[in-house]
Enquirer: 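Right, I'll just put the structure down here and ask away after.
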Amino acid sequence: MTISQEIANLTEDSGQDLPEENVQIGSIQGTVVGLRYYTGTVNRGEMVSLVREPQNPYDRNAVMVANVYGRQVGHIKKELAAPMAYIMDNNLARVEGVVPYGETNKFSMPVNLTFWSKEENRDAVHNQMRRHGFKLGTEFKGSLIWYSTKTSLGRDLLIFVTSYQLKNAFDKLFDDLMEDKTREMEPAEAVCTALLPHQKQALSWMTSRENSNDLPPFWEEKSGLYFNVLTNFAVKERPEKVLGGILADDMGLGKTLTTIALIVSNFHNGKPLPLEQITMCCRTLTHTIVILFICVDHEESCEPVSSSHLKRLHADGVSADTIEEDAPQKKGWLLFCVLMQCTLLFESLGFLKHFIKKKNSNTHCSRSYFISIQDQFEQHIRADVTLKVYLYYGAERKRSVKLLSEQDVVLTTYNVLSSDFGNKANSPLHKVNWLRVVLDEGHVVRNPNALQSKAVLELQSERRWILSGTPIQNSLKDLYMLMSFLKLKPFDVKEWWSRIIQRPVTMGDRVGLKNLQVLVKGITLRRTKNSKVAGRMLVQLPERRVFVQHVTLSEEEREEYEQVRKEGRKIIGSYFEEGTIMTNYADVLAILVRLRQYCCHPGLVAKYTGADDPGTPNELREHLINKITLVLNSGSDEECAICLDSLRQPVITYCAHVYCRPCICEVIRSEKQARCPLCRAQIKTRELVEYPGEEMQAGAATGENWRSSSKVDALMSNLLKLRQEDPTVKSLVVSQFTRFMDLIEVPLREYGFSFTRLDGTMAQKTRAKAIQDFQDSSPGNPTIMLLSLKAGGVGINLTAASHVFMMDPAWNPAAEDQCVDRCHRLGQSRDVVITKFIVKDSVEENMVKIQKKKQELVEKAFGVKKPMDLKQARMEEIRALMEI
DNA sequence: ACCGCCGGGTGCC
DNA sequence: ACCGCCGGGTGCC
C-alpha cells in the first residue's frame, strides 16, 4: 500500500463528535484587547485559540485569546464576547481565530473569527450574533485565511507562502530518506545476535533521531527566531527537541530486537550503555538475578507471584533494603519498556526469549518463566556484561522508585501502568525520569480519553518511541494520540491537531495532506517486507512457489457431488427467479458450503436441514442457531455487510442474515422502522440471535467406518513422498473446515506422522504449545501442523514449515496469503512450496476464478465498497459458482 | 454653569 | 493610545 492510499484510508473516520462534522457557518472580524497585560505573542497569519473564562471576575462572558503555545495574548472585546460566550457555552458553535495583521500592536489587534457548527445550529448562532449587533459574513475582505476552501486572492497568497515552506520541508525529508534511513549502524558489542541490514538501518535511524539536534518537523530558524511554518508561530527559545518517533515496520521485521539493540547501543551520544563487567571469578559465583515472567493472556487470570519466587528474587541481588524510599530519583537516566501483553513479550522479545525457561508447562491458568540473566549472557550478549532488567508486574511488584531507578530496563504492561496511575498517590513509574520510554504495540493506546493513555502521556522521559506494525488503525485520531505521546508541539494539543491536520485532510485539502505526509515521514520509519532499499528487497526471503494440483473425484464421489449440485442449482435457480436470493441467503450459503465440503470429503457434509419451516419460537431459534453456526463454521470468511469487516460478535436476524452485533444494533437504533440491509425485512434488536459459540459438532466419521477421499489421497501421497525425500521437511496442512482436519488426522496417524494442530477453538496456551512444538526441530517433534485458515491471526511464526498444503480454496485470497506468510517470513531458510488442491470441474474451480477477479479488483481500485454493491457482488458470485 | 471647554488621568476582561 | 472616555477644574475677552 502506498502512503497516499494509507492516508486516504485515514480520512474515513469512524468516530463521532468530531469537528469534521461541523461546517463553517460564518465569520466576523473581532478585536483582541488587553495585549499589554500578557506575554503571549502572535505573528501575522497565526492561529489563536479562544477559551471561555466564565470565572473571570470582571466579566463572566470573558473569552480569552491564547497563542499556539497556550500563552495568553489578550481577551475578546467584551461587546463581542457577550454573544460569543453564549454560543460557546451552549455548544452552538466552535469559534476559531486567526490574527490577520496588527501583530505588533501594543493594545489591541484584529482577529478573524470563524464559526463552525452543525448545520442545524446555523440560525441560532446567526440570531444570537445579530441580537448583539453583529452580522456574520462568509468571507474576510482582503485578509488572509487559513485553509479556506474558497478561492480568493488572500488564500492564494498564503498558500504560496506555505507551499514554498513546504518545499523546504520536503527537501529536508528527501535528505532524510536518502541519508539517514539507509545508513547502517553496528550495534554495541554487547549485542552478539547479528542484525540484518535493515535492522542496522533502523538502529542508525533511531540513534540519529535520539541524538539529533535538528528542529522538530515544521520548525525553522529565521534570524535568531524559531519559526513554525504551519502555525506561523515564532519563539525566541529553541523548541524542545522531539527525540524518538514511530518505528512502524511490518510485523516480523524485528522491531523489538532493533529496539533492544538501541537500548544497549545508544546510551548517550551514540555511546553504548555502560554495562557492568563481570569477571570470570564473579561468574563462577553464579551471581544471578532471576526475573519472573508471568505469561498470561489477561492480568486477572494471573497466578500471583509466589513468595518463594520473591525470596529468590531478593536473594539474588535485589535485596529488600533497596526497596524503601519512594523519593523521586533524579540521578541516572533509566531505560524503560512498556509491553502490552506478556504473551507478546514472550513471543517477540528477541534475544531475551531464548532464555525464558518454561517452569510449569502443565499449569493451566498461567505459566511462569524464569529468565536467568547469566544464561542470557552466555548465549546472546557477550559473556562479560550484565543488563539489569526488572519486570514491574504482578501483585507483589516492588513499588520502589529507588529500585526502579537502579535498573537498566524496566518492563511492564499497560494495565499495570494505568492501575498504578489510577491510584495516583503511588505511581513509582511516574516518579522516575526515564531516559527512554518505548511503547511496544503502541497502537493499543489510541483513545486519548482512556486512563491508560493518560498514564502513558504522564511518563517523564527524555526520549520516546512507539513500536507498532499498524500505527494508524482506524483513523487520523489515532495519530493524534501518538503525537501527544511524542510531545510533538503543537500537535499534542487537540485543537491544533484538528485545525492544522485532521480537518484539512478530512476536507480534502491538499496542503493539509502534504503536511500530514511530511509530519508522518519525518518521525516514522516504516518498511514492509516488500519495501526496497536502493533497488534491493529489504528482506531477502527465500523463493515462494505456488502449484495448483488438480484433483479428480472418484466415480462414486462425482456421482454424489453431481446429485447435490443439481439439487442446489435447482433451489438457487428458483430463488433467483423469485428474486428472493437475498432473503434465502443463508440457505444458498449452506448449499455452497455443502458442495465445497463434498470436494474435500463426503464425511464432512452435515445432514440437510435446509428450508424446512420452523414452527414454534423455540424451533425458530434453534433453526437460526443452526444457520449461524453453519455460516461461521463454513470457513467462508463471511464479512459483515455493514462494516465490511470480519464478523465481530456475530448475530443472526430472523431473516437469517448475519452481522456484527454492534453494526446491526446501530442500524436498528438509527432507523425508526429498521430493515435488514440485505433483504429489507423488518428487524428488531430483541430478535437477534447470538452465536452460541464453538460447539461440539456431530463427530465426522473418524472411527471405524472411516474412508478416504480423492483429496485426502492426494495430500497423503504428497506427504509420503516428501518424507521419503527428506524426513526433516515440515509442512502446514491448511483447511477452512476444522472437521476436515479431524478427518485428515486419521491417515496421518495411520502412516505414523508426528503432527500437531492449531485452530481457532484452542486456548491461547495450547496454541503456544502447539507452535513451540512444531517450531522445535529436534527429532521426534511434529513435522506436520494441521492449521485452520483463520486460526490465530497474524503474527504467528511457523518458519519451521517449508511446504504448505492448501486443502480448499478460500473466498478471500488475502486470507490464504496471510496464512502462507506465517512460514514465508523472516527466519525462513528454505524455499517455500505451496500446493493448492483444487477439484476439477467443481465449485472450487469457480471459486479460484472469483479469487482472481477479486485480486484484480483490489489491485486496480481502492474504491469504497457499499453494502448494496456487496450484495450485487455476492449475487454475481453465486451465479458464477453455480454456473447459473 | 442643571452648560461647554480644557487638560490630566487613564486604559482588557 | 499621535486615540476615546471619564470626571474635576473652571468659566467674557
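Lettering follows sequence order; numbering is per chain, from 1.
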Enquirer: Who passes ring pair (Phe, Tyr, Trp, His ring centres under 6.0 Å) against A:W496, sequence neighbours left out?
Expert: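 For A:W496 there are no ring pair (Phe, Tyr, Trp, His ring centres under 6.0 Å) partners, ignoring immediate neighbours.
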Enquirer: State the pairing partner of C:dC3; accept Watson-Crick or G-U wobble contacts with both distances under 3.5 Å, and report none otherwise.
Expert: B:dG11
Enquirer: Considering only nitrogen or oxygen atoms on both sides, find all protein atoms under 3.5 Å from nucleotides 11-13 of chain B and state each distance.
Expert:
unit_1: B:dC12; atom_1: OP1; unit_2: A:Y37; atom_2: OH; d: 3.4
unit_1: B:dC12; atom_1: OP2; unit_2: A:R36; atom_2: NH2; d: 3.3
unit_1: B:dC12; atom_1: OP2; unit_2: A:Y37; atom_2: OH; d: 2.5
unit_1: B:dC12; atom_1: O4'; unit_2: A:G34; atom_2: N; d: 3.4
unit_1: B:dC12; atom_1: O2; unit_2: A:H75; atom_2: ND1; d: 2.6
unit_1: B:dC12; atom_1: N3; unit_2: A:Y38; atom_2: OH; d: 2.9
unit_1: B:dC13; atom_1: OP1; unit_2: A:K78; atom_2: N; d: 3.0
unit_1: B:dC13; atom_1: OP2; unit_2: A:K78; atom_2: NZ; d: 3.3
unit_1: B:dC13; atom_1: O3'; unit_2: A:D59; atom_2: OD2; d: 2.4
unit_1: B:dC13; atom_1: O2; unit_2: A:N56; atom_2: ND2; d: 3.1

Enquirer: For A:M483, run the side chain to side chain contact (heavy atoms under 4.5 Å, CB included) check against A:L519, A:V242, A:D492 and tell me which one passes.
Expert: A:L519
Enquirer: Using the C1' atom as the point on both nucleotides, what is the distance between B:dC2 and C:dC13, in whole Å?
Expert: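 Approximately 25 Å lies between the C1' atom of C:dC13 and that of B:dC2.
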Enquirer: Might you confirm whether atom CZ of A:R71 has over 12 heavy atoms from other residues, nucleotides or ligands at distances under 6.0 Å?
Expert: no
Enquirer: Run the salt-bridge test on A:R499 and A:E495 with the 4.0 Å N-O cut-off and return the result as yes or no.
Expert: yes
Enquirer: Distance only, no hydrogens: is a donor on one side chain within 3.5 Å (strictly under) of an acceptor on the other, for A:K78 and A:N61?
Expert: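 No pair is found: no donor N or O on one side chain lies under 3.5 Å from an acceptor on the other.
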Enquirer: Over all heavy atoms of both residues, which pair between A:F115 and A:I28 is shortest? Give the atoms and the distance, please.
Expert: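 For A:F115 and A:I28, the tightest heavy-atom pair comes out as CE1-CG2, 3.9 Å.
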Enquirer: Round to the nearest Å and state the distance from A:N105 atom CG to C:dC2 atom P.
Expert: 14 Å
Enquirer: Suppose you measure atom P in B:dC5 against the same atom in B:dA1; what distance do you get, rounded to whole Å?
Expert: 16 Å
